[in-house]
Amino acid sequence: MYAKVIVDVPAKQTNRAFDYEVPSSLSKWVEVGSRVGVPFGPRVLQGFVVELQEETQVDAKRIKPIQNVLDLVPPLTSELVSLGRWISRMYMCHEVTALQAMLPAALKAKYERVIIVGDESEEQSFLDMPDIEAIISFVKSKESVSMDVLLERFSKEGALIKELLSSGRLTEVQLVKDRMNTKKALTVFPPAGGRGLEEALSELPARANKQKDVLRYLIEHPHAIRLTELMETIEVGASTVKSLADRGWIELREVEVMRDPYMGRAFERTKPLTLTEEQSGVFAPIRDAVAEDRHEVFLLHGVTGSGKTEVYLQSIQQCLDMDKEAIVLVPEISLTPQMVERFKGRFGDLVAVLHSRLSNGERYDEWRKITRKQVKVVIGARSAIFAPFTNIGLIIIDEEHESSYKQEESPKYHTRDVAVQRAKQQDAVVVLGSATPSLESMEKTRRRRDRPKPPFTLLTMKERVASRPMPPVTIVDMREELKTGNRSMFSRSLYKAIEERLHKKEQTVLLLNRRGYATFVMCRTCGFVSQCPHCDISLTYHQSSHALRCHYCGYAEREVKECPSCQSEHIRHFGTGTQRVEEELSKIFPGIRVIRMDVDTTTEKGSHEKWLTMFREKQADVLLGTQMVAKGLDFPDVTLVGVIAADTVLNIPDFRSAERTFQLLTQVAGRAGRHEKQGEVFVQTYTPEHYSVQYASHHDYIAFANHEMDIRANLGYPPYQRLILITFSHEQVPLLVRMAEAFVTRLKEIALPYTRQQVDLFSEAVSMDSSFHFDVLGPVASPISRIKDRYRFQCVVKYRGEDLAAEIVGKTVAWFEERSAKEKLLVSVDVDPQYLM
DNA sequence: AGCACGCCGACT
DNA sequence: GTCGGCGTGCTC
């Protein structure tokens, strides 16, 4: 038996499967998806089995055997292995990178070099010097030891150790290990049925009261119990239990335990709610598709507060009734305890939760519940799409428009597209839910001449549950405020609205969107702005550490009190940070209780949850924060939502900025008046006439989408054409420019026959819609023209006819890498980029 | 990615 | 004459 193995070396030359022999001793453990240790050149590496076969084309003498299998159960399924291949092609990454992305960090290989005692048989005749004897027996006693430890212990014998290594009395081997170990706990095992414990009780001396307590407890409860638990319940020390074990009456041994982040938390079980007419209307087709095992993608467009979650829950129930599994994806930021509670409440222990706030160990244990088939539902962020289920019935992506579903590191996959691909492979149903669907998804629900059946089916919910109205939105023109002499960041109407809430003891949510609007420090005398010495970007001010920090390379310097350029002391912090809003709030409303949520206040584990609970318990009047307050929160006493500056996103030069502005305003407006009390929204802006602001204020998604689609169509942007962003970086500009230009020239050459072919194949009779477009823009300097001392240039491919474009770019990159590798020039390819920088 | 093999400058 | 620089190429 032979196995094709992808080894753990993400490089062009090793990006293929290598053949290995499967030793018969391992044959029952080696499966497609197994993680194995294989000899590769002079060392041992981790690899993934991607195929098993009876024969091999490779020379028998070149074939080496698989050394070991790293897991009892393969961490990947053959379906995930295929998905990995699809991702590596689609997003142009190494196959091992795609496979690696599917596993929890705990399973990332750790390579360790250790020294062991080598072949002893022949060397024994040596007249061993005492030092040699000491070294050898030291290594023997430890079984294996790292070079560092050995040299530390025998610091003077360095030369001798070297000699022993070269003579073979000691050898160096490389071990493949996991990053993470399973957690073990000492557990007490009474003999089966408590046999013999009565006798033991009588044998004990009269004053061994504690030991007797233990025995009595175990006679009454004759089953295994964790040592710590036993010690707590009957208040005995560990030594008491140990002495019983020493006498052989009970057994004490290490047992693997799961780290459960929700341990001891009881979740109140909930029952399915009665669906509204509208909810039933969208639920029916989803339920039917799940019941019929039919792959289909639904785009569920439901306004904020329309009850999408209940539709998700009942769809999952349908899935479980069919004995199938479900994956629920939510943006990291909205995976709040509230959300987890709703799922755990409905499905109890069948739910595993995966999110970035878990420790590596906790995440690994949640993940293992899946491989062990202990759970049927996974709720998690982005990477939960790779949950190793084998019988998926349903994949739900909540807030599908969120740009955080695009992974920014390699593999640069979009979760939505991976989900659709995975669902195809398993004949599963996909539900994409949002109050503001991405234009990409929306476009896929529309009929086209070349596409009589659209790939996605649109389902709509226009009403909030209990017919609560959408809150009225007031647009405040900040230019007018300025004209009438109000220079503060609060307009008079927002000021009055907050004041009113304070009186009525109701709550306010204030959103300050800071993306692309970082706080920087400028000298008011000469205009000096502190720049990062390694990147082309100004440094960001962090109040918590009083430091200026670069977001790209981590460079930091202390805050300056005096301008380094002109020695002036007039230094000002620009960009309205949340801290400044907080300060101003306290100034104009003395005694106001504000909870501020931003990157500075939510880094600590559990802090996110803590602030939200405080706000829910009405320990504060105002919740002030960045985008994290816009998503999915639901507080009954919030009747006012204020957006301090709606334009910040709009002013970013990106073709999606109008879409992002619309989404943010709509989402945050949805936070108000979700319960009995009527809500109200104020949006402050310098561009009140902008269509994204206007449509958002009228809660009119469809009108916005139509308007924006027209613009995209005219400019040839997504969803009408797709993009690939290619970025080049090097320390020297002239070489960089030359190479980038060479790339683009070659790219166009390679593309040429494809475009011709298309013209020949399709005569004029074919509509413009289906014809193949391929345009290259650039190269130009990247918006951030230098990062970590490397200059950056980029080009953008705009195309239609997806498979061909990936092939063309792939070919060009392969051609280019042969030339660029020796120049240390880096190329990075981003298919369907979310930001063009 | 490592690591070895292989062809040209400053040293005992 | 040798030690060693890192350029090129391979790893089942």
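Residue numbers start from 1 in every chain, and the chains themselves are labelled A, B, ... in the order their sequence lines are given, proteins ahead of strands.
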- A/Leu747 and A/Phe774: CA distance, side-chain angles, deciding distance, side chain to side chain contact (heavy atoms under 4.5 Å, CB included) verdict: CA-CA 10 Å; A/Leu747 182 60; A/Phe774 192 92; 4.1 Å; yes

- Would you mind listing every ring pair (Phe, Tyr, Trp, His ring centres under 6.0 Å) that reaches into residues 63-85 of chain A, with sequence neighbours excluded?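 For residues 63-85 of chain A, and leaving out neighbouring residues, there are no ring pair (Phe, Tyr, Trp, His ring centres under 6.0 Å) pairs at all.
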
- Qualifying ring pair (Phe, Tyr, Trp, His ring centres under 6.0 Å) pairs with a residue from residues 25-52 of chain A, counting only residues at least two apart or across chains: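 Listed by first then second residue: A/Phe18-A/Phe40.
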
- Message: Reading DNA chain C from 5' to 3', where do the contacts with chain A start and stop? Cut-off is 4.0 Å to heavy atoms.
- Response: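 Going 5' to 3' along DNA chain C, contacts run C/dC10 to C/dC12.
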
- Task: Describe the nucleic acid contact of A/Phe40 in one word from base, sugar-phosphate, nothing, applying a heavy-atom distance below 4.0 Å.
- Result: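 Base contact.
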
- If you count the non-hydrogen atoms of other residues, nucleotides and ligands that lie under 6.0 Å from CD in A/Gln53, is the total more than 12? yes

- Message: Let's see if you get this right: which residues in residues 9-18 of chain A place a heavy atom under 4.0 Å from DNA chain C?
- Response: A/Gln13, A/Thr14, A/Arg16, A/Phe18

- Message: Checking A/Thr745 now: which residues fulfil side-chain hydrogen bond (donor to acceptor under 3.5 Å, both in side chains) with it, not counting sequence neighbours?
- Response: none

- Message: Can you list everything that forms a side-chain hydrogen bond (donor to acceptor under 3.5 Å, both in side chains) with A/Glu402? Sequence neighbours excluded, please.
- Response: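 Counting only residues at least two positions away or on another chain, A/Glu402 forms a side-chain hydrogen bond (donor to acceptor under 3.5 Å, both in side chains) with A/Lys631.
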
- Backbone of A/Ala751 reached by a side-chain donor or acceptor of A/Lys811 within 3.5 Å: no

- One should read off an interatomic distance between A/Leu725 CG and A/Ser782 OG, to the nearest 0.5 angstrom, of 7.0 Å

